[in-house]
Amino acid sequence: MTKSSEETAPAKSAPEPAAEPAGEARRMTRRGWTLVVSGSLFLIFVVLGSVVPVPFVAISPGPTYDTLGRDAAGNPVIQVTGHETFQTTGELRMTTVSLHDGVTLFQGLGFWASGRYALAPREEYFKPGETNEQVKQENIQQLQDSQTNAQVAALRKLGYPIKVLAKQIVSGSPADHVLSPGDRLITVNGKKIAEAGDVRAALAGTLPGQTVQITFQSDGQPERTVPLTLAARPDRKEGFIGLTAVDRADAPFTVNISLQDVGGPSAGLMFTLAIIDRLQPGDLAGGRHIAGTGEITETGEVDPIGGISFKVIGAREAGATDFLVPEHNCAEAKTTAPAGLNLIKVSTLDDALAQLANLKAGRPTASC
């Protein structure tokens with residue numbers, strides 16, 4: 001008898017997982033979404049921080065220029081035609097500040113971290129809607145005005161006569177169509193005009209509607225005397241002529257200042273000293289490396305300027321040992337003055353000349 005084979009139950013296999021719907025297979029986890037969103041935000045931040053400018057400018061020490069030396073083209077910074085010039089030693093170095101506009105967030109952070117730059121609100125340097133080109137043109141005009149003031153202050157100090165010219169004529173004013181820019185003013189209301197401030201002083205006590213006599217001379221023409229009926233202005237009680245007067249040196253030679261890619265009024269003092277040094281013997285610097293800054297008026301006052309804390313650093317890096325500081329800038333200059341830089345306080349051209357004489361003679365100077 002054959003033994004019938006035993007029926008055995010089939011082995012149980014592991015249950016197959018239920019198939020997921022197709023949509024659920026592609027569904028991203030919450031963690032995945034978090035990574036995607038965070039990464040996108042970070043990428044946007046990086047792009048914006050690298051490209052979009054912030055409303056700040058970066059300020060740093062700028063280049064310095066020896067006003068007794070030569071410009072980038074090899075020409076003397078102070079050029080005199082028609083007068084003897086004298087040899088000088090040492091340096092009278094003007095200083096500048098570099099302004100960086102269009103700063104992005106990351107650039108700003110980098111500038112700030114370097115310790116060499118400072119960030120300032122852009123509105124302090126640019127008027128609303130003003131372009132870089134407009135600011136550049138304003139700075140160039142300020143430089144040209146400072147060069148003219150330097151020439152007048154220097155030649156006045158050296159004893160040359162001063163003439164007063166009409167600079168601008170107000171449209172529709174009594175002077176309009178009578179005088180022109182560049183006309184020399186001789187007398188106003190019977191009073192001699194020796195400097196620009198005399199024009200306003202000559203009108204003291206007058207009233208609108210009053211007629212005064214004005215004597216002037218156009219280029220190459222004889223003097224003329226004409227009556228002007230004074231107008232009214234809301235900002236003054238006396239009568240109004242309608243012109244701006246400026247002082248100009250009346251010298252039989254010319255002085256030109258050659259310096260490119262620089263703007264602003266703050267080089268006036270150093271231009272003035274360099275002109276004087278070229279036109280008379282004496283060697284103001286006396287072999288020393290002297291730097292300085294300060295706006296100069298036509299009558300020789302030294303006015304304060306901006307950026308002094310950066311200018312003293314730039315001067316020391318250029319090798320200066322002494323720095324002429326406008327009196328009202330002294331407190332700020334002392335906060336950042338590098339070691340080895342002697343700060344000398346000045347408020348007028350006469351002060352500056354006296355302090356340079358003290359340096360040359362080894363005498364103490366007026367310190368900030």
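Position 1 is the first residue of the sequence; numbering continues from there. Model, not experiment: these values are computed from the prediction.
- Ion pairing between D351 and K345 fails under the 4.0 Å rule for side-chain N and carboxylate O.
- D247 places a side-chain heavy atom less than 4.5 Å from the side chain of V164.
- Contact of the T187 side chain with the T225 side chain is not registered, since no non-hydrogen atoms from C-beta on lie closer than 4.5 Å.
- The aromatic rings of H83 and F253 sit tilted, their planes meeting at an angle between 30° and 60°.
- Salt-bridge formation is detected for the pair E298/R248: a Lys NZ or Arg NE/NH1/NH2 atom is positioned less than 4.0 Å from an Asp or Glu carboxylate oxygen.
- Atom NZ of K192 has 12 or fewer neighbouring heavy atoms from other residues, nucleotides or ligands inside a 6.0 Å radius.
- Proximity of a side-chain donor or acceptor of Q137 to a complementary backbone N or O of Q141 within less than 3.5 Å is not detected.
- Within the 4.5 Å cutoff, side-chain heavy atoms of I169 are placed close to those of P181.
- Within the 4.5 Å cutoff, no side-chain heavy atoms of I241 are placed close to those of L179.
- T95 and T64 are not linked by any side-chain donor-acceptor pair at a separation below 3.5 angstrom, with hydrogens and angles left out of the test.
- Side-chain contact check for L259 versus Y65: some heavy-atom pair is nearer than 4.5 Å.
- Ion pair D250/R184 flagged as a salt bridge, since at least one NZ, NE, NH1 or NH2 atom sits closer than 4.0 Å to an Asp/Glu carboxylate oxygen.
- Within the 4.5 Å cutoff, side-chain heavy atoms of V80 are placed close to those of L279.
- Side chains of S266 and K311: a donor on one and an acceptor on the other come within 3.5 Å.
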